[in-house]
Amino acid sequence: MVCRHNRELEALVQEAKKMTEKGKVADYIPALAESEKNSLSVTIYHAENTCLSAGDDDQTFTLQSISKVLSLALVLMDYGKEKVFSYVGQEPTGDPFNSIIKLETVNPSKPLNPMINAGALVVTSLMKGQSAKESLDYLLGFIRRLANNPEITYCKHVAESEFRSSMINRAMCYYMKQYDIFEGDVEEVMDLYTKQCAIEMNSLDLAKIGCVFALDGKHPETGEQVISKDVARICKTFMVTCGMYNASGEFAIKVGIPAKSGVSGGVMGISPYNFGIGIFGPALDEKGNSIAGVKLLEIMSEIYRLSIF
Ligand code: GLU
């Protein structure tokens, strides 16, 4: 299906884009610092096959933390809630996504939720497969079905850049290994995790995946139940409580939809009115959320009354 550029949406993008001046692109993963700070794009994908877009929507970007929702969905379907939640908790932290502090202060030393790095690393360590390559292929297969796009793959450049620089994530894995929360080989899991985070797509792919969640796991194009209803519900709940880092509370008040952001500047939004939203705007605010992306969602939520609350 072709996505049509929409004038009304373009005006909102231009308005929100002003915020990019106040943001900064992530540079702790060196390859992300190469992003074009002022760009902003959005795609809205509705279940009845209407698709609207605005901004530089042909740009691709890596999922980063957005991938955490997708790996969680797959692992939950494979192992069930009981097993997965014996490794990772269900509570927001109020701390930055890469914080290590609660691993030491909370007892038992189990990450508080799967949306922070520590929790996502444990989830990734549970991914099916005999090797990092097999697990990545398995995850990619799932994501290709979600986006109904067999071309989706990961960006080698970004994955390698993160693999070389990701010392805090390695430290968290070793810390959790000490307490038997993390059972895998740290370097293997880091290899898989950095490739997972570097999975690349455009705002249309992301909006379509959002639409799958909006439809409780059923694909709008293929009709396949790609995610079980219960797992889709759990993922959406995590997106509300911890999807926008330690700004999730404020985001729930200002926008009020399940959403997940990544430090690349991607945001996936989900509306109960059967549509998904894919945004890419690499300038970030101090919490790590796309500064113009959040502004755009705020404006859209107000005009179209999107809040679920
Ligand atoms: N790959 C990133 C990291 O682990 C993901 C973080 C994010 O997008 O929040 O630091």
Side-chain angles (χ1 to χ4, degrees), residues 23-35 60-72 88 92-103 111-125 127 132 136 139 143 154-176 182 184 186-201 206 209 238-239 241-248 251 259-269 278-291 293-294:
K24 265 178 64 186
V25 300
D27 56 8
Y28 77 100
I29 298 173
L32 293 183
E34 297 159 18
S35 312
T60 57
F61 51 92
T62 58
L63 287 179
Q64 298 303 328
S65 268
I66 303 169
S67 71
K68 293 170 178 173
V69 185
L70 312 181
S71 54
L72 175 70
V88 63
T93 65
D95 299 322
F97 64 93
N98 56 356
S99 173
I100 197 163
I101 192 161
K102 292 257 168 34
L103 286 181
L112 281 180
N113 70 68
M115 299 293 116
I116 51 172
N117 283 5
L121 285 158
V122 178
V123 168
T124 297
S125 78
M127 186 75 58
L136 180 69
L139 177 64
I143 292 178
Y154 74 97
C155 170
K156 242 179 138 195
H157 175 55
V158 172
E160 282 172 8
S161 175
E162 183 174 13
F163 186 80
R164 279 195 301 274
S165 56
S166 220
M167 299 310 152
I168 299 177
N169 284 342
R170 278 185 176 81
M172 289 196 274
C173 293
Y174 281 112
Y175 196 96
M176 293 187 288
F182 185 101
V186 174
E187 289 306 304
E188 279 262 308
V189 173
M190 285 305 302
D191 180 33
L192 175 58
Y193 175 78
T194 49
K195 287 173 179 159
Q196 165 193 318
C197 289
I199 291 173
E200 200 171 29
M201 57 181 66
L206 191 59
I209 297 177
F238 273 125
M239 285 188 248
T241 56
C242 359
M244 301 300 281
Y245 305 120
N246 44 334
S248 298
F251 184 85
K260 181 75 199 89
S261 66
V263 288
S264 51
V267 188
M268 174 173 72
I279 290 182
F280 175 53
L284 307 180
D285 61 21
E286 70 285 355
K287 301 274 172 69
N289 291 313
S290 170
I291 193 164
V294 170

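These figures come from a predicted structure and were not determined experimentally. As the structure lists them, so they are numbered: ligands from 1, and atoms in each ligand from 1.
Taking any N or O of Lys68, backbone or side chain, none lies under 3.5 Å from an N or O belonging to ligand 1. Polar contact with ligand 1: absent for Ser261 (N/O pair, distance under 3.5 Å). For Ile29, no nitrogen or oxygen atom sits less than 3.5 Å from a nitrogen or oxygen atom of ligand 1, counting backbone and side chain alike.
Within the 4.5 Å cutoff, the side chain of Ser165 has heavy atoms near those of the Pro30 side chain. Counting heavy atoms from C-beta outward, Leu139 and Lys195 have side chains that stay 4.5 Å or more apart. With a 4.5 Å cut-off on side-chain heavy atoms, Leu63 and Leu206 count as touching. Within the 4.5 Å cutoff, the side chain of Thr194 has no heavy atoms near those of the Glu160 side chain.
Within ligand 1, the atoms closer than 4.0 Å to a non-hydrogen atom of Gln64 are 1 (N), 2 (C), 5 (C), 8 (O), numbered from 1 in the order shown. Interface atoms of ligand 1 facing Cys197, defined by a heavy-atom separation under 4.0 Å, are 1 (N). Atoms of ligand 1 lying under 4.0 Å from at least one heavy atom of Val263, given by number and element, are 6 (C), 7 (C), 8 (O), 9 (O). Annotation for ligand 1: atoms under 4.0 Å from non-hydrogen atoms of Glu162 are 1 (N), 2 (C), 3 (C), 4 (O), 10 (O). Within ligand 1, counting atoms from 1 as listed, the ones closer than 4.0 Å to a heavy atom of Gly262 are 8 (O).
By the 30° and 60° cut-offs, the orientation of the rings of Phe280 relative to Phe61 is parallel.
Of the options Val294, Ile291, Leu32, Val263, a side chain to side chain contact (heavy atoms under 4.5 Å, CB included) to Leu284 is made by Val263 and by none of the others.
Within the 4.0 Å heavy-atom cutoff, Asn117 counts among the residues contacting ligand 1.
Residues Arg170 and Glu187 are paired through a salt bridge, judged by an N-O separation under 4.0 Å between the basic side chain and the carboxylate.
If you check which protein heavy atom lies closest to atom 7 (C) of ligand 1, you get Ser65 OG, 2.6 Å.
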How far apart are the C-alpha atoms of Gln64 and Ser264, what are their side-chain angles, what is the distance that settles it, and do they pass the side-chain hydrogen bond (donor to acceptor under 3.5 Å, both in side chains) test?
CA-CA 6 Å; Gln64 298 303 328; Ser264 51; 5.6 Å; no

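Selection from Tyr28, Phe97, Tyr193, Tyr245 by nearest heavy atom to atom 10 (O) of ligand 1 gives Tyr28.
Counting heavy atoms closer than 4.0 Å to ligand 1, residue Asn169 contributes side-chain atoms (C-beta onward) but none from N, CA, C or O.
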